[in-house]
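What follows is one structure encoded as structure tokens, with my remarks underneath.
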Amino acid sequence: MPELPDVETFRRFVDETSLHRKLVDVRVFNRRVLNGLSPQRLKRALQGQSFRSTARHGKHLFVEVDGSRWLALHFGMTGYLDFGRQRRTGPHDRVVFVFAEEYSLAFVCARLFGRITLADSVEGFVADKRLGPDAMAVSGEEFASRIRRSKATIKSILMDQSQLSGIGNLYSDEILFQSRIHPTFPGHRLTTERAACLYRNTRKVLRMAIGRKADPWAMPQSCLLPHREREGRCPSCRAALTRQTVAGRTAYWCPRCQRK
DNA sequence: ACGTGCTCCTGTGTGC
DNA sequence: TGCACACAGGAGCACG
């Protein structure tokens with residue numbers, strides 16, 4: 001579930017809670033999330049240091065450690081961060097960063113799809129993973145040219161992290177709804193005008209979601225997201241929403257407002 | 001170059 | 001009540 005707005009919310013959370021605190025311990029409860037990196041190496045890289053700054057690219061959160069090393073966090077589907085003083089360990093805590101004075105930041109991830117790795121730089125990591133430009137940082141020209149050079153369905157392009165970084169299933173549905181574009185419409189058949197409209201709505205939706213701390217239910221009633229469920233109706237025309245698999249995901253759209 | 005389906009996982013909700 | 005099972009969906013992969 002964590003898409004760009006969620007990860008941006010996590011990033012701000014780290015900024016508010018966890019910077020400039022001395023790291024006294026790193027507790028690894030499940031090695032799987034470290035992706036082959038040994039708990040010892042992680043601990044050695046962090047112990048005695050502190051988190052200096054944060055960055056984000058798409059769904060990836062980066063935390064700078066003294067000595068210009070970066071933690072790269074990916075939240076999979078169910079990952080999130082929790083911070084507290086004398087915080088009790090929960091059943092899904094996978095890695096806990098322990099600071100001085102008994103404060104700690106936990107990487108909580110029920111389904112173990114999340115990952116924490118070390119990187120030398122954000123740029124290096126992004127290049128390594130072949131991530132496309134961040135969906136909030138990309139220019140309108142770059143956005144349109146990427147969309148219009150692909151013959152894939154527009155929903156799959158929006159969700160393709162090598163094309164655009166940060167958009168997942170939920171927000172792609174919302175962006176397409178706002179743009180009145182059918183999810184299976186081929187990217188290369190979008191006119192420049194419609195591509196520009198899609199770009200504006202991408203920014204609008206992501207900005208709105210960040211402002212609401214990525215709570216889909218907190219989005220305005222005129223949005224698709226609060227109605228995105230079985231039996232849901234289009235907030236604009238009241239038509240029953242279509243629910244169908246597109247690009248391997250459950251997509252919701254309005255069959256009247258979003259025609260092919 | 002595209003879509004499809006499988007896998008990794010486990011909490012949650014539904015139906016019998 | 002308890003069990004079986006579908007479902008959720010990020011990402012990487014094999015396959016056609």
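Letters go in sequence order (proteins before strands), and every chain restarts at 1. Keep in mind the model is a prediction, meaning the values are calculated, not measured. As a basis for the values below, the full set of heavy atoms in this structure was taken, side chains included, without hydrogen atoms, waters or symmetry mates.
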Query - d(CZ, A/R115; P, B/dT7) in whole Å - result: 17 Å
Query - Closest approach of A/L81 to A/F13 (non-hydrogen atoms, all atoms of both residues) - result: O-CE2, 4.0 Å
Report task. Give A/T245 one of three labels, base, sugar-phosphate or nothing, depending on what nucleic acid heavy atoms sit under 4.0 Å from its own. Result -> nothing
Requested in this report: Nearest whole angstrom, please: distance from the C1' of B/dT4 to the NZ of A/K155.
Outcome: 16 Å
Query raised in the report: Starting at CD of A/Q163 and ending at P of B/dG3, how long is that distance when rounded to a whole Å?
Result: 11 Å
Query raised in the report: To the nearest angstrom, how far is A/E229 atom CD from B/dT12 atom P?
Result: 18 Å
**Report entry** Pairs satisfying side-chain hydrogen bond (donor to acceptor under 3.5 Å, both in side chains), at least one member in residues 95-109 of chain A, at least two apart
**Finding:** A/Q86-A/E102
Query raised in the report: Which nucleotide sits closest to the side chain of A/A110: B/dG11, B/dG3, B/dC2?
Result: B/dG11
Query raised in the report: At under 4.0 Å, does any side-chain N or O of A/T153 touch on OP1 or OP2 of B/dG3?
Result: yes
Detail all sub-3.5 Å separations between protein N/O atoms and N/O atoms belonging to nucleotides 10-12 of chain C.
{"residue": "C/dG10", "atom": "OP2", "partner": "A/N169", "partner atom": "N", "Å": "3.0"}
{"residue": "C/dG10", "atom": "O3'", "partner": "A/H74", "partner atom": "NE2", "Å": "3.3"}
{"residue": "C/dG10", "atom": "N7", "partner": "A/R249", "partner atom": "NH2", "Å": "3.4"}
{"residue": "C/dA11", "atom": "OP1", "partner": "A/H74", "partner atom": "NE2", "Å": "3.1"}
{"residue": "C/dA11", "atom": "OP2", "partner": "A/K59", "partner atom": "NZ", "Å": "2.9"}
{"residue": "C/dA11", "atom": "N7", "partner": "A/R249", "partner atom": "NH2", "Å": "2.8"}

Query - Between A/N35 and A/T117, a side-chain donor and acceptor under 3.5 Å - result: no
Report task. Identify whether any heavy atom of A/S156 sits under 4.0 Å from a base atom; if not, whether one sits that close to sugar-phosphate; answer base, sugar-phosphate or nothing. Result -> sugar-phosphate
Query raised in the report: B/dT10 C1' sits how many Å from A/H92 NE2, rounded?
Result: 7 Å
Query raised in the report: Think A/T250 has a side-chain N or O under 4.0 angstrom from the OP1 or OP2 of C/dA8?
Result: yes
Requested in this report: Mind jotting down which residue pairs meet the side-chain hydrogen bond (donor to acceptor under 3.5 Å, both in side chains) criterion with at least one end in residues 118-135 of chain A? Sequence neighbours excluded, please.
Outcome: A/R56-A/D134
Report summary line: Rounded to whole Å, the CD-P distance (A/E231 to B/dT14) equals 12 Å
**Report entry** Side chains of A/R94 and A/C109 in contact at under 4.5 Å (non-hydrogen atoms)
**Finding:** yes
Query - Residue pairs passing the salt bridge (charged side-chain N to carboxylate O under 4.0 Å, His left out) test where at least one lies in residues 240-259 of chain A, sequence neighbours excluded - result: none
Report summary line: Note: for A/A247 and A/L112 on DNA chain B, the residue whose nearest nucleotide lies more 5' is A/A247
**Report entry** Cation over ring face, A/R85 and A/F99, 6.0 Å, 45°
**Finding:** no
Query raised in the report: Atom CZ of A/R31 and atom C1' of B/dC8: how far apart are they, to the nearest Å?
Result: 18 Å
Query raised in the report: Over how many whole Å does the gap from A/Y80 atom OH to C/dA8 atom P extend?
Result: 22 Å
Report task. Ignoring backbone atoms, test whether A/S150 places a side-chain nitrogen or oxygen under 4.0 Å from the OP1 or OP2 oxygen of B/dC2. Result -> yes
Report task. Assess whether side-chain hydrogen bond (donor to acceptor under 3.5 Å, both in side chains) is satisfied between A/S145 and A/R149, documenting all intermediate values. Result -> CA-CA 6 Å; A/S145 94; A/R149 85 165 74 115; 3.3 Å; yes
Query - A/F75-A/F107 aromatic ring centre distance below 6.0 Å - result: yes
Query - Separation between the C1' atoms of B/dC8 and C/dC3, rounded to whole Å - result: 25 Å
Query raised in the report: For A/V246, what are the other residues in its hydrophobic cluster, where any two members join if their side-chain heavy atoms are less than 4.5 angstrom apart?
Result: A/W253
Report summary line: Those stems involving DNA chain C that have three or more consecutive Watson-Crick or G-U pairs, both distances under 3.5 Å, are B:2-8 with C:10-16, B:10-16 with C:2-8
